[in-house]
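Hydrogens, waters and symmetry mates play no part in the numbers below; they use all other heavy atoms, side chains included. A note on names: the letters A, B, ... follow the listed sequences, proteins ahead of strands, and every chain is numbered from 1.
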There are 2 protein chains.
Amino acid sequence: MASIKDVAAEAGVSAATVSRVLNDHPSVSAEARARVMTAVAALGYRPNAVARSLRTDQTHTFGLVISDVMNPYFTELARSVEEEARALGYSVIIGNADERPDLQDHHVRNLLDRRIDGLLVSPTDGGSPLMLDAARGGTPMVFVDRWIPGVDVPVVRADGRGAVRDLVAHLHGLGHRRLAIIAGPAATTTGSERVEAFRAALAEYGIPLPDAYTGQGDFQAESGRRVTEGFLDLAEPPEVVFAADNLMALGALDAIRARGMRVPDDIALAAFDDIPWFVHTDPPITAIAQPTGELGRAAVRALVDRIEGRPPQSVTLPARLVVRRSCGENPASSEPSPVTNRSHS
Amino acid sequence: MASIKDVAAEAGVSAATVSRVLNDHPSVSAEARARVMTAVAALGYRPNAVARSLRTDQTHTFGLVISDVMNPYFTELARSVEEEARALGYSVIIGNADERPDLQDHHVRNLLDRRIDGLLVSPTDGGSPLMLDAARGGTPMVFVDRWIPGVDVPVVRADGRGAVRDLVAHLHGLGHRRLAIIAGPAATTTGSERVEAFRAALAEYGIPLPDAYTGQGDFQAESGRRVTEGFLDLAEPPEVVFAADNLMALGALDAIRARGMRVPDDIALAAFDDIPWFVHTDPPITAIAQPTGELGRAAVRALVDRIEGRPPQSVTLPARLVVRRSCGENPASSEPSPVTNRSHS
DNA sequence: CACGTCGATGTAATCGATTCCAAGCAATCG
DNA sequence: CGATTGCTTGGAATCGATTACATCGACGTG
């Protein structure tokens, strides 16, 4: 592979001049520029990004560590992140933590070793020493979707409280009174926040959320199945199961089907995180939709601001309820008035 | 960030010795080793992968360029690729081409600039000059799923012919005689091969595949919708629509629903590429399942063989039919005898 | 005409590792 | 006892870029 010296030799100039042409530095004569360009084309030369990074201490790359690539929510997030990054001249390296703290650490370490310019993280847990050190140690960092409390890092996320309140109103309106939730891991903010929002919304109707109706999941389908089976085994099973993410909702659906029960006739089902497939399930599933693309883009902008020395901003965007048929027939409308509360921090 | 010199100073040895300890070179005294280890721990030193790569001309990284991250088939592929790569000591950088040749080129160029050790590609088209040059120019490369004919690069893929024959037998058994297919882009091997396999299987029953029953899609949901609408507008619409990938099947389902028709009563639907969600659609969709995880792992092994100087091998694994309810009720069994033909090249 | 200015270019240092080579030293051998 | 061997170790070159600094000519000005 041709190096800058080969180009210099071919063009009859020094490597410094070639470098100047490539980085269009002003003081290069038109003639030298032309000869360098010709040599570059003739040799098919491409600058070695590794060498360049070593010298400039910039990789024009950042890492995105997500909790689960197989979850459509995160793949959509990853896609929008890559798009925005590309538009701003950055590349993205994705690390999939599979909801495992050890894997998350593996990727963070790997990315740090590669001297990425910044890190976008949707943490799987409360923060390993490694991640906390990185955050404190000055690595530009932004949390997306989930975050770690007590760390001074900008957060880009959706606020689901309004949508959860709308969901509970919807369920209450359909006559449901025994509502259960499949929570995410308590170590994640989204794991606990969603339960709290649900509990608060229920409280407005004077409905309690007993322990028996809060199952502990891990954001994976299998846990949704397991928790739901527990619910169905209760002397008084819930009338509604609300899953804190889409995969657990799928698991719940499986468990319900396995008992020969039907949604929504025998039991209602709703989920946090809307995905295209929910339109096609049997029945279509009522869900809370996050503005995923917006979140990804905002997160990238915040990170790039931080990297390039501008003050980064935390962003909170509202989620909204998308009513379908999985909680019972609502003859009125299939898409309710969107939530309009808007917040920021 | 501490460098190797800082460690050397802290340990009271030279940088060369530190390097030897880190790469556990045999000739280092136990005492020096101990002091270096202590210094490394004290400073929290991590070797700079950029500098190391520049010197050794190896990045222990390879690129994976896939055609569409939002397609669950590819995200599963990506996941298994990353897993196997990690097990073998490599990292993976994913590039999403979104079925766009220009984006594919962008990623290939970017990965080449980073001096990745090898490239795993599922090409979106027949091969740009850039990719052909890379292949011929000695970049270790392996094609997964799709490939480019006439290029001397190992291919790891599934052979769907047996499964397509099983599918046609299944459909014929249910009494269907007018069968249509939504093809993928002709520039991709999977786009054309699947049509050919379908046509060949139909021929065994003396059933033709007229032009009117072969729609041109692009592996995206929207094209599935559009083509299906065309089918439904025909004077004599098909009894079965077979989509060459899962997203187009979803589009087809949408189009069918939009007309108020029902699957499988009014029209049957089948898809290439099985995904977890097909169990939950209404109705569950009959599909041809690829051994996705196996493909990903085999592809990585082939690439790493190539990188490390061993002769890489092309691999072809059989796909199999998974019967569900979208083509009509089959009272016999829900999972037919698996296909057993096995091939290689 | 001497001197300062400015634009274009080359030389060399540098980034953080790895690795060849030579040297120091102790142990072993003839 | 001198020479050889073998183990450790450090010095210095190197990978491919970028960039501070020096140089060199041409030009304008007092």
Side-chain angles (χ1 to χ4, degrees), chain A residues 1-40 43-61 89 91 109-117, chain B residues 1-40 43-61 89 91 109-117:
Chain A
M1 192 133 255
S3 83
I4 198 170
K5 283 186 196 160
D6 302 319
V7 177
E10 172 86 8
V13 297
S14 73
T17 300
V18 175
S19 176
R20 289 193 187 95
V21 171
L22 263 35
N23 297 285
D24 39 35
H25 183 99
S27 79
V28 189
S29 68
E31 203 237 329
R33 183 179 310 275
R35 292 172 54 190
V36 169
M37 303 289 262
T38 322
V40 164
L43 298 175
Y45 169 75
R46 294 247 83 211
N48 183 328
V50 175
R52 191 195 294 245
S53 293
L54 176 61
R55 183 58 232 251
T56 62
D57 202 33
Q58 293 183 34
T59 48
H60 272 278
T61 300
S91 304
R109 196 175 342 258
N110 181 23
L111 292 163
L112 256 25
D113 285 354
R114 286 165 185 276
R115 302 302 193 262
I116 42 110
D117 295 340
Chain B
M1 192 134 251
S3 82
I4 197 170
K5 282 186 196 160
D6 302 318
V7 177
E10 172 86 10
V13 297
S14 72
T17 300
V18 176
S19 175
R20 282 191 269 261
V21 171
L22 263 35
N23 297 285
D24 41 36
H25 184 98
S27 76
V28 188
S29 67
E31 203 238 331
R33 184 180 309 275
R35 293 173 53 190
V36 168
M37 303 289 262
T38 322
V40 164
L43 298 175
Y45 169 76
R46 294 247 83 211
N48 183 328
V50 174
R52 189 192 293 241
S53 293
L54 176 61
R55 184 59 233 251
T56 61
D57 202 33
Q58 292 183 32
T59 49
H60 273 280
T61 300
S91 304
R109 191 167 356 249
N110 180 22
L111 291 164
L112 256 25
D113 285 354
R114 288 165 182 276
R115 302 300 193 263
I116 41 112
D117 294 340

Interatomic distance where [atom1] belongs to [X] and [atom2] belongs to [N] [whole Å]:
{"X": "B:Asp57", "N": "C:dT18", "atom1": "CG", "atom2": "P", "result": "14 Å"}
{"X": "B:Lys5", "N": "D:dG10", "atom1": "NZ", "atom2": "P", "result": "15 Å"}
{"X": "B:Asn48", "N": "C:dT14", "atom1": "CG", "atom2": "P", "result": "18 Å"}
{"X": "B:Arg114", "N": "D:dG16", "atom1": "CZ", "atom2": "P", "result": "18 Å"}
{"X": "A:Leu54", "N": "C:dA17", "atom1": "CG", "atom2": "P", "result": "9 Å"}
{"X": "A:Arg46", "N": "D:dA17", "atom1": "CZ", "atom2": "C1'", "result": "14 Å"}
{"X": "B:Gln58", "N": "C:dA17", "atom1": "CD", "atom2": "C1'", "result": "14 Å"}
{"X": "A:Asp113", "N": "C:dA17", "atom1": "CG", "atom2": "P", "result": "10 Å"}

Check: How would you label the contact of B:Ala49 with the nucleic acid (heavy atoms, under 4.0 Å): base, sugar-phosphate, or nothing?
Finding: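 Here B:Ala49 touches no strand at all.
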Notebook entry, point to check: Looking at B:Ala32 and B:Val28, what are the two nearest heavy atoms and their distance?
Noted result: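 Heavy-atom minimum between the residues: CB-CG1, 3.9 Å.
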Note to self: Let's see if you get this right: which residues in residues 15-25 of chain A place a heavy atom under 4.0 Å from DNA chain D?
What the structure shows: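 Residues of residues 15-25 of chain A under 4.0 Å from DNA chain D: A:Ala16, A:Ser19, A:Arg20, A:Asn23.
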Next item on the list: Applying side-chain hydrogen bond (donor to acceptor under 3.5 Å, both in side chains), run through B:Asn110 and B:Arg114 and close with a yes or a no.
Entry: CA-CA 6 Å; B:Asn110 180 22; B:Arg114 288 165 182 276; 3.2 Å; yes
Of all the nucleotides listed ([options]), which has the minimum atom distance to the side chain of [X]?
{"X": "A:Val13", "options": "C:dA17, C:dG10, D:dA17", "answer": "C:dG10"}
{"X": "A:Ile4", "options": "D:dT8, C:dG10, D:dA17", "answer": "D:dA17"}
{"X": "B:Arg55", "options": "D:dT9, C:dT18, D:dA17", "answer": "C:dT18"}

To the nearest 0.5 Å, tell me how far [X] [atom1] sits from [Y] [atom2].
{"X": "B:Thr59", "Y": "B:Leu54", "atom1": "OG1", "atom2": "CG", "answer": "12.0 Å"}
{"X": "B:Met1", "Y": "B:Leu43", "atom1": "CE", "atom2": "CG", "answer": "11.0 Å"}
{"X": "B:Glu10", "Y": "B:Arg35", "atom1": "CD", "atom2": "CZ", "answer": "10.0 Å"}

Checklist line | Under 3.5 Å donor-acceptor, B:Asp6 side chain and B:Ser3 backbone | finding: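 Judged by distance alone, yes, a pair lies under 3.5 Å.
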Next item on the list: Can you establish whether the number of heavy atoms outside A:Asp57 located under 6.0 Å from its atom CG is more than 12?
Entry: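 For A:Asp57, atom CG is not crowded (no more than 12 foreign heavy atoms under 6.0 Å).
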Margin query: So, OP1 or OP2 of D:dT9: does either fall under 4.0 Å of a side-chain N or O from B:Ser27?
Written below: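 So the side-chain polar atoms of B:Ser27 never come under 4.0 Å of the phosphate oxygens OP1 or OP2 of D:dT9.
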Next item on the list: Name the residue closer to the 5' end of DNA chain D, choosing between B:Ala32 and B:Ala51 according to the nucleotide with the nearest heavy atom.
Entry: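 Residue closer to the 5' terminus by nearest nucleotide: B:Ala32.
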